[in-house]
There are 2 protein chains.
Amino acid sequence: MPKETFFNLPQEKQHRILDISLEEFYNHGYEKASISRIVETAGIAKGSFYQYFEGKEDLFGFIAQVAREKQLVYASKLLESGSDLPFFQLLEVLLKGSLAFMKENPRLSAVIEGFMKSSDATLKEIIMGESIKISDQFNQQFLAEAAAKNEIRPVLNIAFTAHALTSLSQSMVEYLRSQNIEMSSMDDQAFDEMVKEMLIFLKYGLSGPV
Amino acid sequence: MPKETFFNLPQEKQHRILDISLEEFYNHGYEKASISRIVETAGIAKGSFYQYFEGKEDLFGFIAQVAREKQLVYASKLLESGSDLPFFQLLEVLLKGSLAFMKENPRLSAVIEGFMKSSDATLKEIIMGESIKISDQFNQQFLAEAAAKNEIRPVLNIAFTAHALTSLSQSMVEYLRSQNIEMSSMDDQAFDEMVKEMLIFLKYGLSGPV
DNA sequence: TCGTCATATGACTCTATAGTCACATTGTAA
DNA sequence: TTACAATGTGACTATAGAGTCATATGACGA
């Protein structure tokens, strides 16, 4: 957690530091992200940085936390707004939402994604220990409720299925990224098709509606 | 690619260097893996290392390549041996195979996995540009053939579905890892149950057999 | 035995990092 | 205006990394 001095800073300065840090992590990944570069770009002294944060891990942890909160709030709102919808329609709303979030917060989602996947053990604990757990829990509850209402078949291993759902959501994003599709320039129709395919897959699997 | 001098080395020395390097990458990830530590542990001089390899990236690229080849050979054999089986049975064989490979080559698969997920752009090119592509292609062909034989529904976007399949396979492994289940100590029954769940999911999706 | 060529060596250079600290500046309250 | 605490500063330390290079070793053919 940042120190009090950081939160005493004018909002504008706080945001500038966080934005620049986010950009740095986005461009270089956690390991290669450089505090020296961050303070230089942000136009603050090295010493000041260490008056705001404990260190690199503290800074990153905070950015990750903010990102997770944003994402969770976003998803929860969608969930609320569509709580009356049948499962698969709600799922559609959520999938579209996760893409929309990514479109609106490209660096934020990329950094989280990137670090969910960091090979560094420490980082895995910071992020994977949180982001994936949160996503899995979210999905687990989601699945449990749907199963209770008989909207989906009773799932044998709900923890695993929830995790699979997390992975698939990510996979969707990864796929788009691998296609070198510029998120911001991607039209809604392409999004819709992707989501449609995904939904059919989730709903009927590979065998298809009988 | 390693230099000729590396391949001129006695097999035992080659293996020792590669094993120790693999261990280093496994323990520290690419970024933090240290050439200095590797040469120290392997009992060779820094200079010698640079007579064998162009540098760190070269070393890692080679290890990754060997790992991919092993994995591909393994999967191809399974594919061959079960080529007469119906799609979903073959899928079962492949999924079990990927877990078995992981069980037999824990470090190898962990390193590949870890780096498929590295946040570092260079690494993503080395690995993701290869491993994931290879896995996706493999799955794409696999799906195309099954679709041609009407064993699965015609897939709208085969590239994406192939990628989703890649992700799910990984997800299975990730899940096991996250449960802190010691791969080597895991009994075959637990494996079977995991695979069973996965297969139902792939086959029927969440809606279940109608 | 000698000469030569591939290979082995490790001290060294160069670069970059995270983090520190003695001192400077600023804002505010008396 | 003064005093004092909070905040800002950047040169500096300590550390560690990748990669180099002049020199040493050893194997092998003549």
Side-chain angles (χ1 to χ4, degrees), chain A residues 1-18 20-63 115 118-123 126, chain B residues 1-18 20-63 115 118-123 126:
Chain A
M1 257 299 166
K3 300 177 183 173
E4 207 189 314
T5 49
F6 177 72
F7 296 109
N8 291 339
L9 253 33
Q11 288 279 325
E12 181 277 330
K13 198 168 182 180
Q14 287 185 34
H15 283 138
R16 198 177 74 238
I17 292 172
L18 291 180
I20 285 167
S21 301
L22 178 59
E23 190 72 29
E24 176 73 12
F25 285 122
Y26 176 71
N27 288 328
H28 303 280
Y30 178 82
E31 302 296 349
K32 282 192 178 167
S34 154
I35 302 299
S36 302
R37 223 180 295 143
I38 288 172
V39 297
E40 194 188 356
T41 311
I44 61 172
K46 201 73 171 291
S48 299
F49 178 87
Y50 285 93
Q51 296 218 56
Y52 305 151
F53 302 95
E54 302 291 346
K56 193 180 183 178
E57 195 171 313
D58 184 34
L59 168 64
F60 180 72
F62 183 62
I63 288 180
F115 287 113
S118 166
S119 56
D120 185 81
T122 313
L123 263 292
I126 302 180
Chain B
M1 256 300 164
K3 300 177 184 174
E4 207 190 313
T5 48
F6 176 72
F7 296 108
N8 290 340
L9 253 35
Q11 288 278 327
E12 182 276 331
K13 198 168 182 182
Q14 287 186 34
H15 283 137
R16 198 177 74 238
I17 293 172
L18 292 179
I20 285 167
S21 302
L22 178 60
E23 191 73 28
E24 176 74 13
F25 286 121
Y26 176 71
N27 288 329
H28 303 280
Y30 179 81
E31 302 297 347
K32 281 191 178 167
S34 155
I35 301 299
S36 301
R37 221 180 297 142
I38 288 172
V39 298
E40 195 188 355
T41 310
I44 60 172
K46 202 71 171 291
S48 298
F49 177 86
Y50 285 93
Q51 296 219 56
Y52 305 152
F53 303 96
E54 302 292 345
K56 195 180 183 179
E57 196 174 312
D58 183 33
L59 168 64
F60 179 72
F62 182 62
I63 287 180
F115 287 113
S118 165
S119 57
D120 185 81
T122 311
L123 264 294
I126 303 181

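Quick caveat: nothing in here was measured; it's all calculated off a predicted structure. Each chain gets a letter, A, B and so on, in the order the sequences are listed, and its residues count up from 1.
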Within the side chain of B:Lys46, is there an N or O that forms a donor-acceptor pair under 3.5 Å with the backbone of B:Ile35? no
Using a 4.0 Å cut-off on heavy atoms, which residues in residues 33-40 of chain B reach DNA chain C? List them by number, or say none. none
Gap separating the CZ atom of A:Phe6 from the CD1 atom of A:Ile17, nearest 0.5 angstrom: 5.5 Å
Please find the earliest and latest nucleotides of DNA chain C, in the 5' to 3' direction, that have an atom within less than 4.0 Å of any heavy atom of chain A. C:dT17 to C:dC21
Without decimals, in angstroms, what is the distance between B:Phe53 CZ and D:dT20 P? 16 Å
Over all atoms of both residues, closest heavy-atom pair of B:Lys3 and B:Gln51: CD-O, 3.3 Å
Can you tell me if A:Lys56 uses its side chain to pair, donor with acceptor, with the backbone of A:Glu31 under 3.5 Å? yes
Please tabulate the protein-to-nucleotide N/O contacts below 3.5 Å involving nucleotides 6-9 of chain D, giving atom names and distances.
residue: D:dT7; atom: OP1; partner: A:Asn8; partner atom: ND2; Å: 3.0
residue: D:dG8; atom: OP1; partner: A:Lys13; partner atom: NZ; Å: 3.4
residue: D:dG8; atom: OP1; partner: A:Tyr52; partner atom: OH; Å: 3.4
residue: D:dG8; atom: OP2; partner: A:Tyr52; partner atom: OH; Å: 2.9
residue: D:dG8; atom: N7; partner: A:Gln51; partner atom: NE2; Å: 2.7

Is it the case that the ring center of A:Phe62 lies less than 6.0 angstrom away from the ring center of A:Phe25? no
B:Pro2 to B:Phe53 - nearest heavy-atom pair and separation: CG-CE2, 3.5 Å
Within a 6.0 Å radius of atom CD on A:Glu12, are there more than 12 heavy atoms belonging to other residues, nucleotides or ligands? yes
Rounded to the nearest angstrom, tell me the gap between atom NE2 in B:His28 and atom P in D:dA16. 13 Å
Report the distance from atom NE2 of B:His15 to atom CG of B:Leu9, rounding to the nearest 0.5 Å. 11.5 Å
Check for a donor-acceptor pair, side chain of B:Glu24 on one end and backbone N or O of B:Ala33 on the other, with a separation under 3.5 Å. no
Determine whether A:Tyr52 and A:Gln14 make a side-chain contact, defined as any pair of heavy atoms from C-beta on separated by less than 4.5 Å. no
